[in-house]
Amino acid sequence: MRTWLPLPHTSLLLLVVWLLLNQTLAPGHLLLGSVLALLIPLLTMRLRNPQPSIKRPIKALLYLFLVLWDILVANMQVARLMLRPRLQLRPAFVEVPLDITQGFPITVLASTISLTPGTVSADVSADQSRLLLHVLDLEDEAQLIATIKRRYEARLREIFEC
Amino acid sequence: MPFWFELIVSFFLLGGGAFILLGSFGLVRLPDFYTRLHAPTKATTLGMWGLLVGALLLSSWNSGMLNPHHLLIAVFLLLTTPVSSYILAKSALHHRLDWGTQTRGQEQAKRYMDDH
């Protein structure tokens with residue numbers, strides 16, 4: 001069983017996306033989708049490098065809603081900055097030391113930072129211990145770093161248990 | 001189609017369009033590459049979601065069933081927007097693209113230019 005279905009979640013996701021894209025539950029598509037959902041993970045297995053998986057799905061869902069809310073706030077903020085008659089920006093590069101270690105959690109954190117108010121992630125240090133951000137309008141560096149660590153990184157550490 | 005439904009659909013379409021317009025406006029107005037990255041990264045996500053919700057409502061009403069394509073596009077956008085903005089910022093750094101003189105933390109950014 002293990003060898004035939006190495007990545008059950010990926011297989012399920014592939015099948016669901018296939019059916020949604022084709023907007024059908026016809027048996028032909030179910031069959032074709034299932035074959036693809038089985039084959040693609042088997043073929044791409046070797047390309048993967050192991051990543052920590054989501055250990056707390058409910059917390060992950062709550063995290064998603066938090067990010068969605070922050071995206072809304074981020075847009076309002078950008079809109080407000082853009083519409084000021086005179087641009088008053090305090091752009092800055094800020095380095096955030098990372099407590100989380102592996103590739104996938106860092107990717108999620110960097111993506112979150114890019115979508116949430118005022119910050120875009122620009123680079124990860126070679127040893128993956130620091131994240132470089134560009135901030136559009138920086139008020140207080142220490143406060144920004146503390147917010148990111150508390151609001152996002154601490155939650156991701158719980159979700160991935162790393 | 002009742003008037004109230006048309007109102008809801010147009011709210012989402014116009015709202016989404018407004019955010020995308022703001023994002024493009026930001027591209028024109030902001031001073032350097034790194035600040036310009038902010039506007040479209042955020043605005044396209046929410047703006048496109050607005051358009052997609054509008055389109056989802058309209059096409060679902062017309063076809064009489066939920067039309068999932070738009071939701072898939074929204075999810076794909078959520079996953080790909082931050083990645084492309086990250087790659088743009090990173091390659092800008094490695095090409096030593098200039099930033100505005102009043103940008104703080106320049107020393108930190110310079111260290112990343114020759115990193116890996």
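A, B, ... follow the sequence lines: proteins, then strands. Residue 1 opens every chain.
Side chains of A:Lys55 and A:Phe160 form no contact here, defined as non-hydrogen atoms less than 4.5 Å apart. B:His94 is not listed as a side-chain neighbour of B:Met113, based on a closest heavy-atom distance of 4.5 Å or more. For the pair A:Pro91/B:Arg104, no side-chain contact is recorded, criterion being any heavy-atom separation below 4.5 Å from C-beta on. Side-chain contact between B:Met65 and B:Ser60 is absent, with no heavy atoms from C-beta onward closer than 4.5 Å. Within the 4.5 Å cutoff, the side chain of A:Leu98 has no heavy atoms near those of the A:Gln128 side chain.
Proximity to chain A (any heavy atom under 4.5 Å) is shown, for B:Leu22, by both the backbone and the side chain. Proximity to chain B (any heavy atom under 4.5 Å) is shown, for A:Gln77, by neither the backbone nor the side chain. Using a 4.5 Å cut-off between heavy atoms, A:Val120 contacts chain B through both its backbone and its side chain.
Heavy-atom proximity under 4.5 angstrom to chain B picks out A:Ser111, A:Ile113, A:Ser114, A:Leu115, A:Thr116, A:Pro117, A:Gly118 from residues 102-118 of chain A. Of all residues in residues 28-46 of chain B, those placing a non-hydrogen atom less than 4.5 angstrom from a non-hydrogen atom of chain A are B:Arg29, B:Leu30, B:Pro31, B:Tyr34, B:Thr35, B:Leu37, B:His38, B:Ala39, B:Thr41, B:Lys42, B:Ala43, B:Thr45, B:Leu46. Taking 4.5 Å as the heavy-atom cut-off, the residues of residues 17-37 of chain A that approach chain B are A:Val17, A:Leu20, A:Leu21, A:Gln23, ordered by number. Contact annotation for residues 74-83 of chain B against chain A (heavy-atom separation below 4.5 Å, listed by residue number): B:Phe76, B:Leu78, B:Pro82.
Nearest heavy atoms, B:Tyr112 versus A:Val124: CE2-C, 3.8 Å. Closest of all the heavy-atom pairs between B:Thr103 and B:Gly100 is OG1-O, 2.7 Å. Listed here is the closest heavy atom pair of A:Ala92 and A:Leu138: CB-CD2, 3.6 Å. Here the closest non-hydrogen pair linking A:Phe93 and B:Gly105 is CB-O, 3.4 Å.
Note: B:Trp61 and B:Phe5 have tilted aromatic rings, judged against thresholds of 30 and 60 degrees for the angle between ring planes.
Between A:Arg130 and A:Asp123 no salt bridge is recorded (no basic side-chain N to carboxylate O distance below 4.0 Å). In this structure, A:Glu158 does not pair ionically with A:Arg155, as no charged nitrogen and carboxylate oxygen lie closer than 4.0 Å. Comment: B:Arg111 engages A:Glu95 in a salt bridge, judged by a side-chain N to carboxylate O separation of less than 4.0 angstrom.
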Apply side-chain contact (heavy atoms from CB on, under 4.5 Å) to residues B:Met1 and B:Leu58 and explain how you reach the verdict.
CA-CA 9 Å; B:Met1 190 178 301; B:Leu58 195 65; 3.8 Å; yes
Evaluate the side-chain contact (heavy atoms from CB on, under 4.5 Å) criterion for residues A:Leu133 and A:Ser121: first the C-alpha distance (whole Å), next the side-chain angles of each, then the deciding distance (0.1 Å), finally the verdict.
CA-CA 4 Å; A:Leu133 314 182; A:Ser121 38; 3.9 Å; yes
Walk me through whether B:Leu51 and B:Met48 qualify under side-chain contact (heavy atoms from CB on, under 4.5 Å).
CA-CA 5 Å; B:Leu51 294 185; B:Met48 278 305 294; 4.1 Å; yes
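Listed for the A:Glu153 side chain is a donor-acceptor partner under 3.5 Å among the backbone atoms of A:Asp99.
Here the two rings, on B:Phe19 and B:Trp49, have centers that are 6.0 Å apart or farther.
Contacts with chain B were tallied for A:Val78, A:Asp137, A:Leu132; A:Leu132 has the most, counting heavy-atom pairs under 4.5 Å.
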